[in-house]
Trainee: 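There's a structure below that I have some questions on.
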Amino acid sequence: MTKKFVYELFVGVILLIAILLFGTKGLAAMALLAVHPFIGKRKPDENEKLIFYKTGNYTAGATLLASIVVFYFSDTTVNGQLISKNWLGFVVSVFIISHGIAGIILFKKR
């Protein structure tokens, strides 16, 4: 499971950079998640399932916070890209990054 979370973190960072550089066209980097089901293919035990659901709760909180931050800075232009024009991409990338980080932290504690 740790490999999956590291991969999510990697894809989230690439997605964020791609959106900052290319705007809406950078959302194509999300296609990297298509490989996700083939990483570490085995049946998780009950403890891993519990940690996976707990990771989702932490991710929801981080995504809500990121949504508020994106809304606050919606009039800002970064690299020629208006944040309010690409808000969904920013929120999705923060969701993927926070899910990866929370999963790595929770599985390291285990």
Trainee: Give a yes or no answer on whether the side chain of Tyr7 reaches the backbone of Leu32 with a donor-acceptor pair at less than 3.5 Å.
Mentor: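 Yes, because the side chain of Tyr7 sits within donor-acceptor range (under 3.5 Å) of the backbone of Leu32.
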Trainee: How many angstroms lie between atom CD1 of Ile68 and atom CZ of Phe73, to the nearest 0.5 angstrom?
Mentor: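 CZ of Phe73 is found 12.5 Å from CD1 of Ile68.
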Trainee: Is there a side-chain contact between Lys108 and Phe5, using heavy atoms and a 4.5 Å cut-off?
Mentor: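 Side-chain contact under 4.5 Å: no.
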Trainee: Within this structure, what is the NZ-CZ distance for the pair Lys3 and Phe10, rounded to the nearest 0.5 Å?
Mentor: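 Spacing of NZ (Lys3) from CZ (Phe10) equals 15.5 Å.
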Trainee: With sequence neighbours left out, what residues match Phe71 under side-chain contact (heavy atoms from CB on, under 4.5 Å)?
Mentor: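 side-chain contact (heavy atoms from CB on, under 4.5 Å) list for Phe71, sorted by chain: empty.
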Trainee: Would you say Trp87 and Leu65 are hydrophobically clustered, going by side-chain heavy atoms of ILVMFWY under 4.5 Å?
Mentor: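 No, Trp87 and Leu65 fall in different hydrophobic clusters.
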Trainee: Looking at every non-hydrogen atom in both residues, tell me the closest pair between Leu20 and Asn79 and how far apart they are.
Mentor: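 Shortest heavy-atom contact: O-ND2, 3.2 Å.
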Trainee: Quick check: closest heavy atoms across Val94 and Ala62, and the distance to 0.1 Å?
Mentor: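 Closest approach of Val94 to Ala62: CG1-O, 4.3 Å.
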Trainee: To the nearest 0.5 Å, what is the distance between CZ on Phe95 and CD on Glu8?
Mentor: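 It comes to 7.5 Å.
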Trainee: Any chance you could measure Thr24, atom OG1, to Leu88, atom CG, to the nearest 0.5 Å?
Mentor: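 Reported to 0.5 Å precision, the distance equals 9.5 Å.
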Trainee: Return yes when atom CG of Asp75 has more than 12 non-hydrogen atoms of other residues, nucleotides or ligands closer than 6.0 Å, and no otherwise.
Mentor: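 Open.
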Trainee: Which atoms form the tightest heavy-atom contact between Gly103 and Thr55, and what is the distance?
Mentor: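 Shortest heavy-atom contact: N-CG2, 3.5 Å.
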Trainee: Determine whether Tyr58 and His99 satisfy the following criterion, side-chain contact (heavy atoms from CB on, under 4.5 Å), listing intermediate values before the conclusion.
Mentor: CA-CA 8 Å; Tyr58 290 137; His99 196 260; over 6 Å; no
Trainee: Let me confirm one number: the NZ-CD1 distance from Lys85 to Ile19, rounded to the nearest 0.5 Å.
Mentor: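 Nearest 0.5 Å value for the NZ-CD1 distance: 13.5 Å.
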Trainee: Is there side-chain contact between Asn86 and Leu82, with heavy atoms separated by less than 4.5 Å?
Mentor: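 Asn86 vs Leu82: side chains apart.
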Trainee: Going only through I, L, V, M, F, W and Y residues with side-chain contacts under 4.5 Å, is there a path from Tyr53 to Leu50?
Mentor: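 Unlinked, Tyr53 and Leu50 end up in two clusters.
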Trainee: Between atom CZ of Phe107 and atom CD1 of Ile51, what is the distance when rounded to the nearest 0.5 Å?
Mentor: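 Those atoms lie 4.5 Å apart.
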Trainee: Test of understanding: clusters of I, L, V, M, F, W, Y form through side-chain heavy atoms closer than 4.5 Å, transitively. Do Leu64 and Val92 belong to the same one?
Mentor: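 Cluster IDs for Leu64 and Val92 differ.
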Trainee: Any side-chain heavy atom of Leu16 within less than 4.5 Å of one from Ile97?
Mentor: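 Side-chain contact under 4.5 Å: yes.
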Trainee: Shortest non-hydrogen contact from Thr63 to Ser98?
Mentor: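 Shortest heavy-atom contact: OG1-OG, 4.3 Å.
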Trainee: Closest heavy-atom contact between Ala102 and Thr59?
Mentor: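 What the structure gives for the nearest pair is CB-OG1, 4.4 Å.
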Trainee: Applying the side-chain contact (heavy atoms from CB on, under 4.5 Å) test to Ile96, which of Leu9, Leu33, Ile14 qualifies?
Mentor: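 So the option named by the test is Leu33.
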Trainee: Which pair of non-hydrogen atoms, one from Gly12 and one from Ser93, has the smallest distance, and what is that distance?
Mentor: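 Minimum heavy-atom separation between Gly12 and Ser93: O-CB, 3.9 Å.
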